[in-house]
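In what follows, chains carry the letters A, B, and so on, assigned in the order in which the sequence lines appear, proteins first and then strands, with residues in each chain numbered from 1. Bear in mind that the values here come from a model prediction, so they are computed numbers and not experimental data.
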Protein chains: 2
Amino acid sequence: MSFYPPSFDNLTDHLRRLPGVGAKSAQRMAFWLLSLSDSEAEAFAASITEAKHLIHHCTVCQNLTDSELCGICSSAKRDKSKICVVSDPRDVTALERSREYNGTYHVLHGVISPLRHIGPNDLTVQELLQRMDGTVEEVIMATNPDAEGEATAMYLSRLLKPLGVRVTRIAYGIPVGSNLEFADDATLFRALEGRRDL
Amino acid sequence: MSFYPPSFDNLTDHLRRLPGVGAKSAQRMAFWLLSLSDSEAEAFAASITEAKHLIHHCTVCQNLTDSELCGICSSAKRDKSKICVVSDPRDVTALERSREYNGTYHVLHGVISPLRHIGPNDLTVQELLQRMDGTVEEVIMATNPDAEGEATAMYLSRLLKPLGVRVTRIAYGIPVGSNLEFADDATLFRALEGRRDL
């Protein structure tokens with residue numbers, strides 16, 4: 001039983017639904033929010049509704065954006081003949097951090113997962129196929145190297161290859177800065193298989 | 001550098017200020033909030049502004065409430081001749097859970113702490129003194145058993161005793177269900193000192 005006012009319980013109930021937040025953390029957050037000034041609390045609440053209101057998918061690459069096109073798709077400096085397919089907007093940020101890639105992206109917003117009843121129609125596969133207008137030369141599959149990511153990459157490559165586009169997959173191998181001793185068998189096998197001339 | 005839309009960064013910046021939330025958790029929370037339906041996101045934001053708008057201090061005991069008087073102060077069943085002084089609204093909830101106490105409370109909203117520049121004027125001490133109208137028979141000090149809680153209890157007892165009111169302190173001792181072996185010296189000393197006839 002709670003001894004707090006109903007609006008306080010309502011607030012903690014909402015905070016508790018956030019990923020990784022339990023009853024105690026939610027209460028701590030609620031007390032912290034109440035300790036804010038009125039304008040700060042308003043700004044906090046507005047940041048939620050505003051983000052929800054403004055953010056949608058880029059009409060080309062399906063990444064998150066608050067304009068019609070995302071910054072990458074609207075940039076004249078990016079190579080539009082290359083598309084890197086990722087499962088999540090977070091992967092775009094991770095790849096951008098490497099400063100290696102100059103092409104565009106396509107965000108699937110998930111991977112094919114029969115166990116979780118996610119099929120190609122739940123992803124942005126149609127939007128990807130619509131981008132194959134002859135100007136695209138290479139599609140790089142950068143889904144995660146797990147069973148579902150692999151299956152999704154395989155599925156898409158079978159759809160894309162008949163359209164005359166080169167389909168590649170990011171390299172497997174040992175992570176930079178890691179230790180051979182602790183690498184798993186599958187990774188070492190792939191690292192040997194993908195060896196290059198020095 | 002961020003590759004997300006500004007309104008997304010604004011949202012994660014706000015979430016990151018929540019206690020116990022780092023950059024990664026804030027991002028996870030932001031994605032989760034964006035995955036909500038419009039009405040759910042609105043309700044989430046409204047729970048913050050509503051709680052902030054409605055919740056204030058009870059005019060008598062200074063506990064959190066969204067009416068003029070809190071549920072305990074407005075209840076005819078509670079013994080108004082006893083006041084239990086606590087430092088935080090959470091302590092009221094903790095004591096209420098014990099179902100042992102039938103009096104009222106007084107929430108100080110802090111403890112005297114010279115190191116953190118918190119003096120009696122930053123707490124609800126004046127409001128407590130104003131409640132000493134002759135009907136109050138006992139004030140129970142239930143501040144935490146640490147240096148600051150002790151000092152606050154001592155300070156208040158010196159103010160209250162000249163007003164002819166009985167001032168008591170909650171008992172020290174070993175916690176129920178704990179192990180003597182792991183109790184600290186000070187607690188064991190107090191437990192022996194406070195022993196009772198069986």
Value for CD (A:Glu96) from OH (B:Tyr4), rounded to nearest 0.5 Å, stands at 11.0 Å
dist A:Leu11:CG -> B:Ser47:OG (nearest 0.5 Å) comes out at 4.5 Å
Among A:Asp88, A:Ile55, A:Thr12, the residue with the most heavy-atom pairs under 4.5 Å to chain B is A:Ile55
Most contact-rich option vs chain B, by heavy-atom pairs under 4.5 angstrom, among A:Ser7, A:Pro6, A:Ala46, is A:Ser7
Exam field: side chain B:Lys52 to backbone A:Leu34, donor-acceptor pair closer than 3.5 Å: yes
Can you tell me if [X] has over 12 outside heavy atoms packed within less than 6.0 Å of its [atom1]?
X: B:Glu193; atom1: CD; result: yes
X: B:Lys82; atom1: NZ; result: no
X: A:Arg131; atom1: CZ; result: yes
X: A:Asp185; atom1: CG; result: no

Does [X] belong to the same Ile/Leu/Val/Met/Phe/Trp/Tyr cluster as [Y], with side-chain heavy atoms less than 4.5 Å apart forming each link?
X: A:Val136; Y: A:Leu128; value: yes
X: A:Val111; Y: A:Val86; value: no
X: B:Met141; Y: B:Leu129; value: yes
X: B:Ile118; Y: B:Ile112; value: yes
X: A:Leu159; Y: A:Leu163; value: yes

Check: B:Ile48 and A:Ile48 side chains under 4.5 Å, non-hydrogen atoms: yes
Contact check, side chains of B:Glu40 and A:Arg17, non-hydrogen atoms, under 4.5 Å:
yes
Among residues 18-31 of chain B, residues within the sub-4.5 Å heavy-atom range of chain A, in order of number, are B:Leu18, B:Pro19, B:Gly20, B:Val21, B:Gln27, B:Arg28, B:Met29, B:Phe31
Within residues 57-79 of chain B, contacts to chain A at heavy-atom distances under 4.5 Å involve B:Leu64, B:Thr65, B:Asp66
Answer key: most heavy-atom pairs under 4.5 Å with chain A among B:Val92, B:Leu54, B:Leu33 is B:Leu33
Q: Would you sort out whether B:Phe44 and A:Leu15 count as a side-chain contact (heavy atoms from CB on, under 4.5 Å), showing the intermediate values?
A: CA-CA 8 Å; B:Phe44 199 107; A:Leu15 291 168; 4.2 Å; yes
